[in-house]
Protein chains: 2
Amino acid sequence: MASRREVAELAGVSEATVSRVLNGVGPIREETRRRVLEASERLGYVPSALARSFARSKSGNLGVVLPYVPKAHLFSAYFFSEMLSGIGSKARDNGLDLLVMFQTAGEVMNYTDLFRRQKIDACIILGARHDQDELAAMQQLDREGHPFCVMNQHFASESFMEVDADHVEGSKLAIRHLTDQGYRKIAFLNGPDSYSNSQDRLEGVRLGLHEAGMELDPGLLLEGNYSRRSGIEAAASIANRLYEIDAVFAANDRMAIGVMHGLRERGVRTQDFPAFVGYDDSDAGEMAVPALSSVRVPFFEMGELAVSKLMQGTNGIADARGQKGYHSTVTFDSLRTLLPTELIIRASSNRRIEE
Amino acid sequence: MASRREVAELAGVSEATVSRVLNGVGPIREETRRRVLEASERLGYVPSALARSFARSKSGNLGVVLPYVPKAHLFSAYFFSEMLSGIGSKARDNGLDLLVMFQTAGEVMNYTDLFRRQKIDACIILGARHDQDELAAMQQLDREGHPFCVMNQHFASESFMEVDADHVEGSKLAIRHLTDQGYRKIAFLNGPDSYSNSQDRLEGVRLGLHEAGMELDPGLLLEGNYSRRSGIEAAASIANRLYEIDAVFAANDRMAIGVMHGLRERGVRTQDFPAFVGYDDSDAGEMAVPALSSVRVPFFEMGELAVSKLMQGTNGIADARGQKGYHSTVTFDSLRTLLPTELIIRASSNRRIEE
DNA sequence: TTGTAGGCGTTATCAC
DNA sequence: GTGATAACGCCTACAA
């Protein structure tokens with residue numbers, strides 16, 4: 001492995017000049033530049049990212065915190081693989097590497113230490129907990145001015161950088177779709193109220209019903225925990241009340257599919273199913289029988305957006321990259337950005353498609 | 001942010017001693033040790049991982065290369081989220097951080113540069129391509145002695161470190177299960193032959209049939225590309241031949257589910273379905289109707305295993321961690337390790353469960 | 001058991 | 001435009 005010194009010698013310049021050429025900084029005579037590049041190429045010189053990071057006190061890494069999932073499937077893999085892809089894609093554009101970390105069962109991750117240890121320059125939190133410790137950890141991050149972005153979750157009364165999808169609107173779309181087709185007795189299987197996510201959906205359902213001149217019937221409001229199993233459990237109560245329920249809107253696809261399974265287990269035939277609309281538009285929804293209508297969430301784009309937001313702003317990391325210049329085309333005025341959702345209609349809720 | 005120097009002053013020792021205490025190296029008087037720890041604690045000192053890495057010329061990062069997936073869903077998200085979790089879990093145990101990288105569409109990733117730039121100390125490749133360039137890149141890694149491990153893929157005639165599941169055995173199990181129940185006309189929907197994975201499955205199918213005194217009927221051998229769509233396409237041919245096909249074994253769940261969908265689209269009723277066995281035991285399989293029997297692959301454990309293998313051996317990275325001592329309990333004698341698979345039986349292939 | 005000092009490979013700040 | 005040279009913060013012989 002050739003060293004920078006050898007390159008300098010071969011090119012007949014100083015080591016400093018080699019650096020300048022390779023980093024594209026400062027004025028360089030074209031002839032010099034060419035010679036350095038040539039020598040560098042010939043010797044197969046590769047600058048050490050480690051030394052560079054050290055000298056610049058910037059790791060060049062973007063931390064990504066993932067929820068604790070292993071073997072639990074609490075969150076759908078789809079959800080996080082899409083987000084991660086979006087993040088990775090944009091990170092690459094900005095010359096950042098991804099440092100992925102998993103939350104562990106009991107303990108809160110010490111976010112600030114990650115910054116202090118200089119392992120990361122910025123951080124995206126996908127799986128924030130809903131407890132006090134977690135909040136405190138994030139508040140500390142904020143206080144110390146470390147750039148971070150929370151995804152898919154809203155902390156009211158905090159001014160964190162956040163990226164989310166518009167779940168109020170998404171839920172409204174789902175309800176509107178159902179009422180448009182004449183469904184009136186719509187059960188809503190929501191997730192735990194502790195998630196801002198769930199609260200948004202509930203609000204959307206309210207608005208959607210209101211549009212159609214209806215009110216939310218508390219008796220038709222069920223709560224699961226976003227798992228398929230909780231959908232199956234909800235099916236127990238739904239199966240007995242099919243005379244007063246003609247549609248089910250679930251806060252995610254897994255629960256919707258769980259309800260379908262639960263109903264089948266209890267002998268309800270497919271043709272007697274209520275209409276179904278799920279949420280997330282996951283792979284599983286598409287594969288369900290009947291194919292599940294669902295609110296599509298732009299996970300990939302949300303990932304991209306989070307990185308873009310991090311790259312700018314007061315405490316952004318815009319100068320993270322060394323080489324080519326980075327130019328952001330969009331600016332985000334507010335701390336919280338919501339991306340639009342979209343309703344995908346399939347057989348499960350479409351009277352014309354249903355057989 | 002307190003510096004090491006301040007800690008040294010407060011504790012009344014030299015900076016070197018602070019380092020020694022914090023890294024747990026060299027003989028230290030208990031009294032000194034206590035004072036340093038106390039001072040460090042009081043000042044909230046956090047050593048820079050960057051500087052440490054630089055001094056040791058070890059990044060402390062484990063690179064993980066993921067296949068190009070974004071928006072394509074070519075590989076199931078389940079597959080890679082499980083592996084990644086396993087890798088992450090074991091990496092954490094060894095004090096390594098995960099540097100995740102996505103393959104891009106056209107270009108081969110320059111693996112060696114990652115090492116030369118000192119971004120990573122070792123590397124796990126999940127989504128190796130099957131072309132010449134990719135192979136060359138890995139050969140170069142090998143030649144330069146960089147520790148890496150290929151997952152879920154076998155390169156014959158190369159001596160790479162590899163972790164895989166025993167797909168020959170897994171496929172044999174699937175076929176045996178079907179023949180045990182009296183199925184004789186078994187169609188096998190395999191993935192592209194270019195994957196060692198597919199080849200293994202084919203071999204397993206051969207062996208399984210042979211056990212039952214049968215031969216592989218080339219007419220019952222179909223090829224898809226592991227996507228649901230290719231399963232749907234295969235269904236076209238299967239639907240017309242249900243008189244001579246009483247069971248379908250697919251090389252992954254997605255294709256199996258695709259076939260189910262394709263059959264339904266063509267008006268085949270569920271009760272007229274052939275028996276189905278899929279592969280991977282993904283979430284989707286469990287959610288299918290009828291629930292899909294499948295060969296379970298221990299993705300999580302494979303991820304863990306890959307890290308363990310990298311941590312030892314001639315070109316291992318056993319000394320990657322600084323603090324607490326690492327002890328490997330198991331040793332792996334061969335470069336290639338196969339983990340056992342397991343057949344999960346559900347309604348799709350079980351005559352007693354089928355309604 | 002502890003202190004001293006050289007070195008790790010870049011970046012960045014001065015001079016020239 | 002280009003060449004010296006001092007940081008950067010930590011590790012680790014080597015000395016004491």
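Residue numbers start from 1 in every chain, and the chains themselves are labelled A, B, ... in the order their sequence lines are given, proteins ahead of strands. Note that the coordinates shown come from a computational prediction; the quantities given were computed from them, not determined experimentally. Scope of the values below: all heavy atoms of this structure, side chains included, with no hydrogens, waters or symmetry mates.
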Trainee: The criterion is side-chain contact (heavy atoms from CB on, under 4.5 Å); which residues satisfy it with A:Gln140, sequence neighbours excluded?
Mentor: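 Here the qualifying residues are A:Thr112, A:Arg116, A:Arg143, A:Glu144.
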
Trainee: My understanding is that only residues two or more places apart in sequence, or in another chain, count here; which of them pass ring pair (Phe, Tyr, Trp, His ring centres under 6.0 Å) with A:Tyr45?
Mentor: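 Residues passing ring pair (Phe, Tyr, Trp, His ring centres under 6.0 Å) with A:Tyr45: none at all.
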
Trainee: Are there any protein N/O atoms within less than 3.5 Å of an N/O atom in nucleotides 9-12 of chain D, and if so, which ones and at what distance?
Mentor:
from	atom 1	to	atom 2	distance (Å)
D:dC10	OP1	B:Tyr45	OH	2.6
D:dC10	OP1	B:Ser48	N	3.2
D:dC11	OP1	B:Asn23	ND2	3.0
D:dC11	OP1	B:Arg52	NE	2.9
D:dC11	OP2	B:Ser19	OG	2.6
D:dC11	OP2	B:Asn23	ND2	3.2

Trainee: Using a strict heavy-atom distance below 4.0 Å, which residues from residues 28-36 of chain B are in contact with DNA chain C?
Mentor: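 By residue number: B:Ile28, B:Arg29, B:Thr32.
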
Trainee: Is a side-chain N or O of A:Asp97 found less than 3.5 angstrom from the main chain of A:Asn61, in a donor-acceptor match?
Mentor: no

Trainee: Angle between the two end axes of the helix from C:dT1-D:dA16 to C:dC16-D:dG1, five base pairs per end, rounded to 10 degrees?
Mentor: 40°

Trainee: Tell me whether the count of non-hydrogen atoms from other residues, nucleotides or ligands lying under 6.0 Å of CZ in A:Arg35 goes above 12.
Mentor: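 Yes, enclosed.
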
Trainee: Short question: side chain of B:Glu162, backbone of B:Phe155 - any donor-acceptor pair under 3.5 Å?
Mentor: yes

Trainee: Can you tell me if B:Glu304 uses its side chain to pair, donor with acceptor, with the backbone of B:Ser89 under 3.5 Å?
Mentor: no

Trainee: So, the side chain of A:Lys309 versus the backbone of A:Leu335: is there a donor-acceptor pair under 3.5 Å, distance only?
Mentor: yes

Trainee: Between A:Thr17 and D:dG3, is there a contact of a side-chain N or O with OP1 or OP2 at under 4.0 Å?
Mentor: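 Answer yes for this pair, as a side-chain N or O of A:Thr17 is under 4.0 Å from OP1 or OP2.
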
Trainee: Which distance, rounded to the nearest 0.5 Å, do you find between the CZ of B:Arg336 and the CZ of B:Phe160?
Mentor: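 Rounded to the nearest 0.5 Å, the CZ-CZ separation comes out at 13.0 Å.
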
Trainee: Using the ring pair (Phe, Tyr, Trp, His ring centres under 6.0 Å) criterion, which residues pair with B:Tyr111? Sequence neighbours excluded.
Mentor: none

Trainee: Less than 4.0 angstrom from a charged side-chain N to a carboxylate O is my criterion; do A:Glu31 and A:Arg34 meet it?
Mentor: yes

